[in-house]
Engineer: 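Just passing along the structure, written as structure tokens.
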Amino acid sequence: MGCLKGIFRLIVFAVIIAGFFYLDGPGFIKEKIDGYTSPERNIFVQQEKDFGNLAAVPADYIFQRSITIGKYRKILATHKPSGQKISLIDIGDTTTLNQADFYTTKIDLKLYQLLDTVKNSPLEVKNIEIAERGTILAKGKIVPYVNFTAKLKILPLIKISGTIAAYNTKNADDGIVTRISNVINQNKEDTSTKIVLSMRLSGNYSFETTQNLIKSISFIGIN
């Protein structure tokens with residue numbers, strides 16, 4: 001009797017799986033995922049307005065929302081002409097890293113900690129050295145940054161270059177941050193640090209590409 005029940009369950013399961021594929025279940029799921037990660041640009045700008053007003057960012061930068069579970073939210077901006085990828089990351093608080101850290105030696109240690117925690121690439125780095133410190137004037141906000149160099153852990157002869165910048169903004173009351181992050185963390189701060197992070201093989205990395213993205217974000221009227 002138990003054997004017959006097992007066979008019956010397998011048949012039901014097989015029918016469900018067959019129906020799922022017959023009704024284009026994978027296509028439906030893909031459509032939903034694409035709708036979340038890559039909505040129309042005007043919708044994307046509205047939903048992610050707590051990162052700043054992205055409406056004036058040139059069309060050369062293609063936005064995509066990453067599917068993340070946990071504390072961090074990430075937007076990926078790909079500079080189409082060069083292929084350089086730039087992450088905008090909401091780290092969920094202002095204690096892990098904030099703008100003030102860039103004006104002290106705290107940034108040296110926190111940069112190590114951040115790159116270990118917030119993965120911008122599947123490749124881990126070591127021997128991180130700050131090459132330059134400065135600020136970028138965006139529309140309505142001064143954004144501090146550091147340029148750094150590092151080596152890949154698995155290929156230490158390969159050197160990479162990158163930039164990390166930070167700014168604090170108030171999270172949108174009606175944006176996607178409320179719909180997702182409040183479920184994950186009911187005590188999420190109203191204001192959090194947004195990180196701009198980009199790194200690439202040293203010969204291919206362009207600070208100007210990262211800088212131009214930051215300059216095009218408007219913070220006028222945004223806390």
Side-chain angles (χ1 to χ4, degrees), residues 26-27 29-69 72-91 111 114-115 118-125 131-132 134-150 152 155 158-167 169 172 175-177 180 193-220 222:
I29 292 174
K30 183 179 183 302
E31 181 181 340
K32 292 297 181 183
I33 291 175
D34 290 346
Y36 172 77
T37 59
S38 304
E40 292 182 16
R41 194 176 179 99
N42 61 327
I43 296 174
F44 189 98
V45 167
Q46 176 63 25
Q47 290 180 338
E48 301 295 350
K49 61 187 179 182
D50 57 307
F51 279 92
N53 186 347
L54 306 174
V57 173
D60 283 348
Y61 294 89
I62 308 300
F63 287 118
Q64 186 175 38
R65 186 186 291 131
S66 295
I67 297 176
T68 55
I69 299 174
Y72 304 108
R73 296 166 49 232
K74 184 168 81 169
I75 292 172
L76 184 64
T78 302
H79 184 242
K80 208 170 177 182
S82 67
Q84 183 165 310
K85 298 183 184 301
I86 305 164
S87 294
L88 304 180
I89 306 167
D90 176 6
I91 60 176
L111 182 56
L114 192 74
L115 291 179
V118 180
K119 301 298 183 184
N120 192 51
S121 127
L123 299 176
E124 295 185 42
V125 298
E132 180 187 5
T135 58
I136 298 169
L137 180 60
K139 297 176 181 178
K141 191 177 285 289
I142 295 175
V143 179
Y145 74 89
V146 293
N147 288 335
F148 63 90
T149 60
L152 295 179
L155 295 169
I158 295 180
K159 195 174 183 180
I160 67 166
S161 297
T163 300
I164 183 166
Y167 58 90
T169 60
I176 199 160
V177 63
I180 295 178
T193 299
K194 276 70 173 180
I195 297 296
V196 182
L197 174 61
S198 183
M199 56 185 180
R200 208 174 187 191
L201 292 177
S202 290
N204 296 327
Y205 180 71
S206 168
F207 170 57
E208 184 180 5
T209 298
T210 303
Q211 184 182 40
N212 287 342
L213 173 65
I214 296 171
K215 284 182 176 180
S216 65
I217 300 175
S218 177
F219 298 99
I220 298 172
I222 295 175

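Note: hydrogens, waters and symmetry copies are ignored here, and every other heavy atom, side chains too, is used.
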Engineer: Answer whether the closest heavy-atom distance between the side chains of R65 and Q47 falls below 4.5 Å.
Structural biologist: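 They are in side-chain contact.
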
Engineer: Return the set of residues passing ring pair (Phe, Tyr, Trp, His ring centres under 6.0 Å) with Y205 (not counting sequence neighbours), or none when no residue passes.
Structural biologist: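 Counting only residues at least two positions away or on another chain, Y205 forms no ring pair (Phe, Tyr, Trp, His ring centres under 6.0 Å).
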
Engineer: Excluding sequence neighbours, so at least two apart, what forms ring pair (Phe, Tyr, Trp, His ring centres under 6.0 Å) with Y167?
Structural biologist: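 Listed in chain order: F219.
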
Engineer: Identify, with sequence neighbours excluded, every residue that meets ring pair (Phe, Tyr, Trp, His ring centres under 6.0 Å) alongside F148.
Structural biologist: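 F148: no ring pair (Phe, Tyr, Trp, His ring centres under 6.0 Å) contacts found.
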
Engineer: Would you please test K80 and Y61 for side-chain contact (heavy atoms from CB on, under 4.5 Å) and show each step?
Structural biologist: CA-CA 6 Å; K80 208 170 177 182; Y61 294 89; over 6 Å; no

Engineer: Should F44 and I75 be marked as a side-chain contact (heavy atoms from CB on, under 4.5 Å) after you check the CA-CA gap, both sets of side-chain angles, and the distance that decides it?
Structural biologist: CA-CA 10 Å; F44 189 98; I75 292 172; 3.6 Å; yes

Engineer: Which heavy atom of K215 sits nearest a heavy atom of I136, and at what distance?
Structural biologist: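 Result for this residue pair: CG-CG2, 3.7 Å.
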
Engineer: Around atom CD1 of I62, are there more than 12 heavy atoms from other residues, nucleotides or ligands closer than 6.0 Å?
Structural biologist: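 Atom CD1 in I62 is packed in, count exceeds 12.
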
Engineer: Do T169 and K194 get their side chains close enough for a donor-acceptor pair, meaning under 3.5 Å?
Structural biologist: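 T169 vs K194: donor-acceptor pair found between side chains.
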
Engineer: Please assess R73 against D50 for the test side-chain contact (heavy atoms from CB on, under 4.5 Å), listing each intermediate value before the final yes or no.
Structural biologist: CA-CA 11 Å; R73 296 166 49 232; D50 57 307; 3.1 Å; yes

Engineer: Would you sort out whether S82 and R200 count as a side-chain contact (heavy atoms from CB on, under 4.5 Å), showing the intermediate values?
Structural biologist: CA-CA 11 Å; S82 67; R200 208 174 187 191; 4.2 Å; yes

Engineer: Is any side-chain heavy atom of L76 less than 4.5 Å from a side-chain heavy atom of F63?
Structural biologist: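 Counting from C-beta outward, L76 and F63 never come under 4.5 Å.
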
Engineer: How close do V143 and A138 get, counting heavy atoms only, and between which atoms?
Structural biologist: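 Heavy-atom minimum between the residues: CG2-CB, 4.3 Å.
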
Engineer: For the CD1 atom of I217 and the CG atom of N212, what is their distance to the nearest 0.5 Å?
Structural biologist: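 Taking CD1 in I217 and CG in N212, the distance rounds to 11.5 Å.
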
Engineer: Nearest 0.5 Å please: distance from the CD1 atom of I214 over to the CD1 atom of I86.
Structural biologist: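 Between I214 CD1 and I86 CD1, I get 7.5 Å after rounding to 0.5 Å.
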
Engineer: Got a sec: does the CD of E208 have more than 12 other heavy atoms crowding it under 6.0 Å?
Structural biologist: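 Counting other residues, nucleotides and ligands, CD of E208 stays at 12 neighbours or fewer.
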
Engineer: Is a side-chain donor or acceptor of T78 paired with a backbone partner of K85 at a separation under 3.5 angstrom?
Structural biologist: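 No; judged by distance alone, with no hydrogens or angles, the pair does not exist.
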
Engineer: So, taking the atom named OG1 in T163 and the one named CZ in F207, what distance separates them when rounded to the nearest 0.5 Å?
Structural biologist: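 Reported to 0.5 Å precision, the distance equals 5.5 Å.
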
Engineer: So which heavy atom on V45 is nearest to which on A55, and how close?
Structural biologist: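 Taking V45 first and A55 second, the nearest heavy atoms are CG1-N, 3.8 Å.
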
Engineer: Return the CD to CG distance between Q46 and N53, rounded to the nearest 0.5 Å.
Structural biologist: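 Between atom CD of Q46 and atom CG of N53 there are 9.0 Å.
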
Engineer: Is it the case that Q84 and T210 place a side-chain donor and acceptor less than 3.5 Å from each other?
Structural biologist: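 Judged by distance alone, the side chains do pair up.
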
Engineer: What is the distance from atom CE of M199 to atom OG of S87, rounded to the nearest 0.5 Å?
Structural biologist: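 M199 atom CE to S87 atom OG measures 8.5 Å (nearest 0.5 Å).
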
Engineer: Shortest non-hydrogen contact from S216 to V57?
Structural biologist: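 Of all heavy-atom pairs spanning S216 and V57, the closest is OG-CG2, 3.4 Å.
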
Engineer: Less than 3.5 Å apart, any donor N or O on the side chain of Y145 or E132 sitting next to an acceptor on the other?
Structural biologist: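 Side chains of Y145 and E132: pair found under 3.5 Å.
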
Engineer: Over all heavy atoms of both residues, which pair between A56 and K139 is shortest? Give the atoms and the distance, please.
Structural biologist: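 Minimum heavy-atom contact is CB-NZ, 3.5 Å.
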
Engineer: Using the side-chain contact (heavy atoms from CB on, under 4.5 Å) definition, which of the options I89, I195, V196 pairs with I164?
Structural biologist: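 In the set I89, I195, V196, the residue that makes a side-chain contact (heavy atoms from CB on, under 4.5 Å) with I164 is I195.
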
Engineer: Working to the nearest 0.5 angstrom, can you tell me the gap between L88 CG and L54 CG?
Structural biologist: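 Between atom CG of L88 and atom CG of L54 there are 7.0 Å.
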
